[in-house]
2 protein chains.
Amino acid sequence: MAKVIDESKLLRIKEAAIELVVQMGYGGASISAIARHANVAVGYLYRFYESKYDLVSDLLDDKLKDITGHLEVMMVQCSTIQQVITPLVNYYFHLAQHQPHHIRFIYTLINDYRFSILPDQHQRIHGLCRQLLLIGQETREIADVFTAEEIYLITVIYPVEFINVRFKQLFSEQTLSEDDKVRVVRLCMGALKG
Amino acid sequence: MAKVIDESKLLRIKEAAIELVVQMGYGGASISAIARHANVAVGYLYRFYESKYDLVSDLLDDKLKDITGHLEVMMVQCSTIQQVITPLVNYYFHLAQHQPHHIRFIYTLINDYRFSILPDQHQRIHGLCRQLLLIGQETREIADVFTAEEIYLITVIYPVEFINVRFKQLFSEQTLSEDDKVRVVRLCMGALKG
DNA sequence: AATGAATGAATGACCATTCATTCATTTTGC
DNA sequence: GCAAAATGAATGAATGGTCATTCATTCATT
């Protein structure tokens, strides 16, 4: 007698939550507004998530999983840092162009002291940065002085911040271009070189 | 008949607002909680600020003014980029060590899409970055390919993000040290070199 | 008829903001 | 020098709204 759960509704909830958290902040994104945007009853959200915090926390984890998953795939195929950074920045730009709310969502919550990266993703990100560091020091693309912490800042935080400075139109009102992508890759590679 | 406005109360309100916005986010920092923390009546806040948004927005502007003010002073005395970056990073670290809430506050709101840098500070930051770019290209400390946008990312965003990755203990549980300061300066200078 | 997915009114707490009131200080009148 | 009147700084209860969450009810499917 098990009825089918309408997956499109769950998707709409996720999309609405992401959009509203970006626009109004976590506190400003009310459950009733999320439900209204998703065209779903208020109570329906509690079928999948125990609380609003749970919903948003899970969404953040999903988005981070997407990034680490992508990075892991890229690292298997590549033997130089340049070969990892280029598709990684490509991925950020693709996300920024096709799902701008999603990259803003990550950005908003990664900077929120109430949310933190869950232990699982934390471990994976750690491992990936250490791996990058090893490869880069082998190929001499990364200076010896650097630690995994700096690799994280240069390869994850810097590109995301570049995109957000553009979104906020702080220095330029241009939309992200191919040239910008090249600039970001060049800056990352230059910074890693030391 | 003019009574004296108790400046310490206003200071306490500002301090409480900063602390609570950092801890609970803008939406979570209620006026009643701010007033309670500041040991002040709820209505008292409205003597100085028209609304909660006004209060927080003004505080952000104040903090940004502090940074741009410092940068302007530093640039008058210095003729090389190294001579600007070093005291600038020093200033960030000093803020991080002595007023951690304040740097977190800037960090939290600069990343919030509901708040933006007011036109006045915006202009000053623009001008400062352009000036840095000119000096750096003269002294060959900054590669020709860079724009003011990249100078901003490297000299403002990167150091602040470094500090916040530490605050969040993402890679290291160490508190900020003199060695870290040297690392940040080195990374900034290296990145600017291209 | 039975099941359980989906609903949305109801709940109690808390929100930002207001403003009649209180209270400390200053000015005035003597 | 002092009491009374005037001032305006400071208060916090009151307001009307919104919040997250619950759960009795409805409705579609089996």
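In the text below, chain A, chain B and the rest are named by the order of the sequence lines, each starting its count at 1.
Among the atoms of the strands shown, none is found under 4.0 Å from any heavy atom of A33(B).
L153(A) has its side chain out of reach of Y158(A): every pair of non-hydrogen atoms, C-beta onward, lies at least 4.5 Å apart. Annotation: side chain of T155(A) is not in contact with side chain of V84(A) (no heavy-atom distance under 4.5 Å).
Under a 4.0 Å N-O distance rule, the pair R124(A)/D120(A) does not qualify as a salt bridge. Between R12(A) and E15(A) there is no salt bridge, since no side-chain nitrogen of the basic residue lies less than 4.0 Å from a carboxylate oxygen of the acidic one. D180(A) and R183(A) are not joined by a salt bridge, as no carboxylate oxygen comes within less than 4.0 angstrom of a charged side-chain nitrogen.
In this structure, S30(B) does not reach the dC14(C) phosphate: none of its side-chain N or O atoms is under 4.0 Å from OP1 or OP2. Of the side-chain N and O atoms in Y44(A), none sit less than 4.0 angstrom from OP1 or OP2 of dT7(C). The phosphate of dT18(D) has neither OP1 nor OP2 within less than 4.0 Å of any side-chain N or O from S32(A).
In this structure, R104(B) forms a cation-pi arrangement with F167(B), its terminal cationic atom sitting closer than 6.0 Å to the ring centre and no more than 45° off the ring axis.
With rounding to whole Å, Y53(A) atom OH is found 16 Å from dA20(D) atom P. Between the C1' atom of dA6(C) and the CZ atom of R36(A) lies a distance of 18 Å, rounded to the nearest Å. Rounded to whole Å, the distance from CZ on F48(B) to P on dT11(D) is 10 Å. The CZ atom of R47(A) sits 10 Å away from the P atom of dT7(C) (whole-angstrom rounding). As a whole-Å value, the separation of Y46(A) OH from dT21(D) C1' is 5 Å. I31(A) places its CD1 atom 14 Å from the C1' atom of dG8(C), with the value rounded to the nearest Å. Regarding N39(A), its CG atom lies at a distance of 13 Å from the C1' atom of dA6(C), rounded to whole Å. Note: NZ (K52(A)) to C1' (dC14(C)) measures 13 Å, nearest angstrom.
Only one option out of F105(B), F115(B), Y113(B) pairs with Y26(B) in a ring-ring contact (aromatic ring centres under 6.0 Å, His included); it is F115(B).
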Here DNA chain D, pairs taken as Watson-Crick or G-U under 3.5 Å and shown with ( ), [ ] when crossing and | when to another strand, reads ||||||||||||||||||||||||||||||

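Counting only heavy atoms from C-beta on, V42(B) has its side chain closest to dT18(C) among dT21(D), dT7(C), dT18(C).
Taking every heavy atom of residues 15-23 of chain B and every atom of DNA chain C, no pair lies under 4.0 Å.
Going from atom NE2 of H102(B) over to atom CD1 of I67(B) covers 12.0 Å, rounded to the nearest 0.5 Å.
In this pair, F48(A) and Y44(A) present their aromatic rings perpendicular. The plane angle is above 60°, beyond the 30 to 60° band.
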